[in-house]
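Contents: one structure, followed by commentary.
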Amino acid sequence: MPEKAYIKTFGCQMNEHDSFRMMDLLREIGYDIADSPEDASLVLMNTCSVRHNPENKVYSLLGALRRRKAARPDLIIGVAGCVAQQEGERLLEREKTLDLVFGPDNLFRLPEMIAAVKRGERVCATQWLPRERKIQNFIPEEWVERGHVDGVKAYVAITKGCNNMCAFCIVPHTRGREVSREAENILREARSLVARGAKEIWLLGQNVNSYQASRDYRFHQLLDDLSQVDGLERIRFTAPHPKDWNKALSDLMASRKRICKHLHLPFQAGSDRILEIMRRNHTLDEYLAKVRYLRSVAPGVEVTTDLIVGFPTETEADFERTLYCLEQARFSQVYPFKYSPRPGTPVADLPDDVPREAKEERLARVIALQERINEESQRALVGATQEVLIDGAHPRKRHVMNGRTDGYRAISVRGEHLEIGDLVAVRVTGYAGHWLEGTLIGERREAARATCPVC
Ligand code: SF4
């Protein structure tokens with residue numbers, strides 16, 4: 001019987017991508033992937049320290065595993081990702097049941113690290129690679145054409161690390177300085193993913209649109225080249241930074257059918273004073289001008305965002321600028337967070353001076369306003385035709401499948417013989433909660449962009 005490994009992933013799509021790679025590395029050395037930690041002889045936690053909550057969950061899962069290891073001493077426990085990079089040896093010292101701690105630059109050494117643990121060592125691998133090796137080892141040559149296809153979608157990491165140093169963010173310390181992967185390497189991975197069934201590719205990076213493989217080859221060229229990969233139906237990317245978003249990128253998104261009309265553009269705060277303390281390097285007016293320009297060249301584009309309420313020194317007047325931004329930008333989805341200080345960030349020493357009740361009240365106002373905006377935009381879509389990529393079956397209803405519109409709205413689609421991977425034209429008939437509802441127009445056409453009635 002093969003041994004089984006379980007990976008618990010916290011945080012963002014980059015961590016999901018890294019977990020898929022870890023699963024493939026573990027399969028390579030004979031592990032099957034378990035559905036729960038109870039079935040596994042190896043448990044890895046791929047961690048996130050961007051916010052307080054996921055980090056707390058790591059420590060509570062570690063507590064549960066400590067008890068399991070008392071009953072099963074051969075259980076191997078490892079921590080990867082941002083908490084591992086941040087804590088390193090301290091984590092090994094603190095958690096005596098831990099066998100393995102490794103950061104993002106050491107991911108592809110997983111097989112040799114597991115072998116060392118099996119020889120009785122406790123391993124800590126958090127050293128950074130020098131820049132050149134970091135680029136070469138971004139995805140090692142032998143793994144380029146083995147990226148993971150998850151249903152209709154696949155992640156492709158294009159940058160690693162971040163040079164921005166936003167004042168609230170730990171990522172530059174846990175992922176290091178930014179490097180961009182070679183373009184040909186990315187294109188080769190994309191072609192291979194498409195050949196193995198991917199219809200939609202997500203380009204990943206902490207600051208995806210600062211991608212720059214050489215002086216003349218930047219994010220714009222990469223997107224353009226990817227949009228010409230045969231058989232690739234959709235391209236998404238996350239997360240771009242507003243200061244690096246420009247008119248040329250908006251124009252490209254408008255002109256290339258395969259680049260989805262969805263931009264997730266975090267604005268974080270509406271007040272210019274707070275944006276300056278956050279070191280975001282743009283003003284609210286600059287942000288809104290970019291959104292307005294994109295909407296002017298790509299009508300119907302959906303914009304989503306992240307924001308923080310209760311940042312140190314945020315006054316009611318500052319917060320009202322955040323609400324103003326919501327009203328102006330009319331996002332289709334907002335991911336709001338209450339500020340909590342993260343150790344090691346530039347603002348960690350500032351007094352966390354917005355009371356908890358005020359943070360909660362502001363968060364509730366953001367959610368209430370966004371619910372209204374979302375309801376209005378959903379209502380406006382009723383009767384419209386949307387292109388939908390079918391990505392799963394409805395859990396209860398017969399002849400109904402789930403999918404995503406080009407703008408990344410979740411939609412359930414009624415229609416005969418629909419299958420996962422179909423790209424179809426759908427008339428929006430209504431909505432329930434955050435889901436649109438629709439019916440298939442005409443016949444099912446298998447991933448048939450060229451004959452899709454919307455195109
Ligand atoms: S752009 Fe700012 S928020 Fe995003 S990863 Fe870099 S430092 Fe963090």
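Note that ligands are numbered from 1 as they come in the structure, with each ligand's atoms numbered from 1 the same way.
- Taking the six-membered ring for Trp and the full ring otherwise, the centers of His17 and Tyr155 sit at least 6.0 Å from each other.
- Judged as a side-chain hydrogen bond (donor to acceptor under 3.5 Å, both in side chains), and not counting sequence neighbours, Gln370 has no contacts.
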Next item on the list: Take Arg321 and Glu314 through the test salt bridge (charged side-chain N to carboxylate O under 4.0 Å, His left out) and record every step on the way to the result.
Entry: CA-CA 11 Å; Arg321 298 296 286 164; Glu314 184 188 73; over 6 Å; no
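- Proximity of Arg280 to ligand 1 is established by a heavy-atom distance of less than 4.0 Å.
- A donor atom on one side chain and an acceptor atom on the other are found under 3.5 Å apart for Asn207 and Asp244.
- For a distance threshold of 2.8 Å, the protein N, O or S atoms nearer than that to atom 6 (Fe) of ligand 1, listed by chain and number, are Cys162 SG.
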Run the side-chain donor-acceptor check on residues 4-11: report pairs under 3.5 Å with partners two or more places apart or on a different chain.
{"from": "Thr9", "atom 1": "OG1", "to": "Ser19", "atom 2": "OG", "distance (Å)": "2.7"}

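- Here salt bridge (Lys or Arg N to Asp or Glu O under 4.0 Å) pairs that include residues 280-302, with residues two or more places apart or in two chains, are Glu302-Arg409.
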